[in-house]
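Predicted model, so just to flag it, every value in this text is computed and none were measured. Each chain gets a letter, A, B and so on, in the order its sequence line appears, and its residues count up from 1.
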Number of protein chains: 4
Amino acid sequence: MLIQIDFASDLPIYRQLRDQIVIGLATGQLEAGEELPSVRRLAADLGINLHTVHKAYQQLRDEGFLVLDRRSGAVMAKNIPDQPEFQNWLSRQLEPLVAEAICRKMSTNDLQALVRTLDQSMRQLKKDGEMQNE
Amino acid sequence: MLIQIDFASDLPIYRQLRDQIVIGLATGQLEAGEELPSVRRLAADLGINLHTVHKAYQQLRDEGFLVLDRRSGAVMAKNIPDQPEFQNWLSRQLEPLVAEAICRKMSTNDLQALVRTLDQSMRQLKKDGEMQNE
Amino acid sequence: MLIQIDFASDLPIYRQLRDQIVIGLATGQLEAGEELPSVRRLAADLGINLHTVHKAYQQLRDEGFLVLDRRSGAVMAKNIPDQPEFQNWLSRQLEPLVAEAICRKMSTNDLQALVRTLDQSMRQLKKDGEMQNE
Amino acid sequence: MLIQIDFASDLPIYRQLRDQIVIGLATGQLEAGEELPSVRRLAADLGINLHTVHKAYQQLRDEGFLVLDRRSGAVMAKNIPDQPEFQNWLSRQLEPLVAEAICRKMSTNDLQALVRTLDQSMRQLKKDGEMQNE
DNA sequence: GTGGTCTAGACCACA
DNA sequence: GTGGTCTAGACCACG
């Protein structure tokens with residue numbers, strides 16, 4: 001799976017890394033149970049600091065996406081645990097974005113379409129990957 | 001309009017302030033052309049520093065939401081200028097959120113419904129406010 | 001002569017006023033010896049403060065463009081005195097602008113053309129005005 | 001690159017700093033991709049406050065001249081983005097200067113020559129620097 | 001009164 | 001080490 005870091009972004013590197021791994025999982029580029037590169041390896045490949053990769057992995061573990069084991073390294077979780085507050089959290093993240101879309105005169109339909117497109121394209125990618133594996 | 005700052009949040013204060021003003025504009029709690037409190041006044045009301053408010057106002061000005069009129073202080077812009085890259089920007093913001101929703105097993109319908117609810121409730125609030133003014 | 005103030009500009013109002021009067025003089029909309037409106041009158045017309053107009057007039061007087069007299073009010077100077085350091089001053093003003101033009105990949109020719117156009121259009125306006133008066 | 005701050009100038013320090021960096025870029029004293037001193041370092045060298053340098057850097061970043069790389073601090077941008085309204089902006093800056101030159105009886109030729117000299121001397125400095133590097 | 005600039009000094013997140 | 005944020009308090013230009 002290709003990971004691209006933008007060093008000039010305002011988003012911290014560890015967050016970019018974390019986000020891309022989540023996106024990878026959503027699009028099927030990463031599967032449950034799949035092994036991730038070691039901290040060392042990934043840091044070297046991306047040309048970033050060990051700490052940075054470690055921090056991203058830690059956060060993914062805290063969120064239930066990743067299982068860290070001394071022997072088997074980093075493995076994508078098989079079962080992502082329910083996060084009871086997830087919808088509320090998501091709602092809070094979405095709120096300012098939706099507000100800005102309204103202010104920028106985006107229509108309800110355009111906004112819905114944008115979310116739908118993102119959602120469907122990711123799910124489609126995942127389905128394609130799964131069919132290939134069968 | 002009520003503004004609430006969460007000092008424990010990881011989101012910087014000036015960003016919380018900026019976001020809430022945008023939300024206020026989307027929900028009609030703030031209207032185009034309306035005067036905002038002066039930097040000093042708002043800082044005192046919220047118990048934060050003058051510079052923090054100043055920074056939020058500056059950002060809103062740069063984004064075209066606010067006009068800093070030399071005579072009357074801060075005034076919500078009448079015409080919010082188009083931001084040519086706005087949809088792309090929004091898409092990039094939405095991508096990791098949608099990805100996480102998929103990973104957390106949220107259905108397409110639930111996600112759509114969540115966005116719809118946010119969008120509609122804000123637009124409704126705005127419409128209510130406008131009807132009251134007539 | 002029409003004067004337009006932009007209250008949202010970063011340029012102070014008295015400077016906008018001063019600049020437009022100088023432009024008016026360069027384009028012949030104002031002539032040497034012509035009377036300007038009184039401070040009171042102009043302030044009322046533009047909807048700005050007395051002090052602001054006063055400050056603009058003072059600066060124009062200091063620069064030799066305007067003669068202020070208690071009886072005859074404000075009169076455009078007949079002979080604008082030489083300002084020995086003017087070329088140096090102008091050069092210093094121009095330097096960052098030319099530098100930015102270079103950085104923005106504007107060609108020497110385009111820059112020259114831009115200055116020429118501004119210069120010629122003002123001089124032409126002035127000549128037109130003078131012919132009309134004969 | 002030598003930077004000189006005039007504490008008596010009416011131009012704010014952060015603007016002087018910003019202007020001199022742009023001039024440095026135009027004259028080749030600063031090259032695309034070159035690292036700038038850290039905010040702290042430059043502030044100490046110039047005897048000014050950290051925040052003042054920070055503000056200049058932020059503005060340069062907003063204008064596309066500077067990239068604030070998370071790893072290596074401040075780096076001059078490789079590709080300065082087009083500013084669609086740049087010519088209009090420049091024209092507005094130039095207008096009062098040209099008008100004043102006309103009022104001060106500067107000839108079209110002298111004005112053209114002045115701009116040409118500034119432009120050519122900066123471009124020449126840049127070319128010299130580039131030849132030296134080969 | 002307003003916003004804008006500058007200083008001084010602190011703490012934090014990031015790498 | 002870096003930049004980013006926040007605070008406190010001062011002065012100035014503008015209107």
Side-chain angles (χ1 to χ4, degrees), chain A residues 5 7-17 43 46-56, chain B residues 5 7 9-17 35-44 46-59 61 66-75, chain C residues 5 7-17 43 46-56, chain D residues 5 7 9-17 35-44 46-59 61 66-75:
Chain A
I5 301 295
F7 295 103
S9 164
D10 52 337
L11 213 63
I13 294 174
Y14 83 94
R15 273 283 260 127
Q16 294 183 46
L17 187 49
L46 298 175
I48 61 180
N49 197 298
L50 284 176
H51 302 330
T52 310
V53 179
H54 185 251
K55 188 161 185 176
Chain B
I5 300 296
F7 292 98
S9 166
D10 53 338
L11 212 61
I13 296 176
Y14 79 94
R15 268 286 253 129
Q16 295 183 45
L17 185 48
E35 264 186 54
L36 250 46
S38 80
V39 171
R40 282 173 174 75
R41 179 73 197 283
L42 189 51
L46 298 175
I48 61 179
N49 192 280
L50 187 156
H51 291 107
T52 309
V53 179
H54 181 249
K55 187 162 184 175
Y57 277 19
Q58 285 291 84
Q59 183 169 342
R61 192 206 55 180
L66 198 59
V67 175
L68 297 176
D69 189 304
R70 285 180 174 282
R71 296 164 311 170
S72 32
V75 176
Chain C
I5 301 295
F7 294 103
S9 165
D10 52 338
L11 213 62
I13 296 174
Y14 82 93
R15 272 282 260 130
Q16 295 183 46
L17 187 49
L46 298 175
I48 61 180
N49 197 296
L50 283 178
H51 302 329
T52 310
V53 179
H54 186 250
K55 187 160 184 175
Chain D
I5 301 295
F7 293 98
S9 165
D10 52 337
L11 212 62
I13 295 176
Y14 80 94
R15 267 288 255 129
Q16 295 183 45
L17 186 49
E35 267 186 51
L36 250 46
S38 81
V39 170
R40 283 172 174 77
R41 179 70 198 284
L42 189 52
L46 298 176
I48 60 179
N49 193 281
L50 189 156
H51 291 107
T52 309
V53 178
H54 183 249
K55 189 163 185 176
Y57 277 19
Q58 285 291 82
Q59 182 169 342
R61 191 206 56 180
L66 198 58
V67 175
L68 297 176
D69 188 305
R70 284 179 174 283
R71 297 164 308 171
S72 32
V75 177

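One can place CG of B:Asp10 at 17 Å from P of F:dG4, the figure rounded to the nearest angstrom. Residue C:Leu17 contributes atom CG, which lies 14 Å from atom C1' of F:dC14 at whole-angstrom precision. The interatomic distance linking B:Glu35 (CD) with E:dG1 (C1') rounds to 12 Å, in whole Å. The interatomic distance linking B:Tyr57 (OH) with E:dT2 (P) rounds to 11 Å, in whole Å. If you measure from atom NE2 of B:His54 to atom P of F:dT7, you get 15 Å, rounded to the nearest angstrom.
Residues meeting the side chain to side chain contact (heavy atoms under 4.5 Å, CB included) test with D:Ser38, sequence neighbours left out: D:Arg40, D:Arg41.
What you find for B:Arg70 and C:Ile13 is that their closest heavy atoms are CD-CG1, 4.1 Å. Across every non-hydrogen atom of D:Ala74 and D:Tyr57, the tightest pair is CB-CE2, 3.7 Å. Of all the heavy atoms in C:Ile48 and C:Val53, the pair that sits closest is CD1-CG2, 3.7 Å. B:Leu17 and B:Ala56 make their closest contact through CD2-CB, 3.8 Å (heavy atoms, listed as atom of the first residue, atom of the second, distance).
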- Message: Protein within reach of the bases, or only the backbone? For nucleotides 8-15 of chain E, mark each nucleotide 5' to 3' as B, S or -, using heavy atoms under 4.0 Å.
- Response: BB----SS
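Judged purely by atom type and a 3.5 angstrom limit, D:Glu35 has no side-chain atom pairing as donor or acceptor with the backbone of D:Gly73.
Summarising the geometry, atom CD belonging to C:Gln16 is positioned 5.0 Å from atom CD1 belonging to C:Ile5; distances are rounded to the nearest 0.5 Å. Taken to the nearest 0.5 Å, the NE2 atom of B:His51 stands 11.0 Å off from the CD atom of B:Gln58.
Between E:dG3 and B:Gln58, no contact under 4.0 Å exists linking OP1 or OP2 to a side-chain N or O.
Consecutive Watson-Crick or G-U pairs involving DNA chain E, each under 3.5 Å on both distances, make up stems of three or more pairs at E:1-14 with F:1-14.
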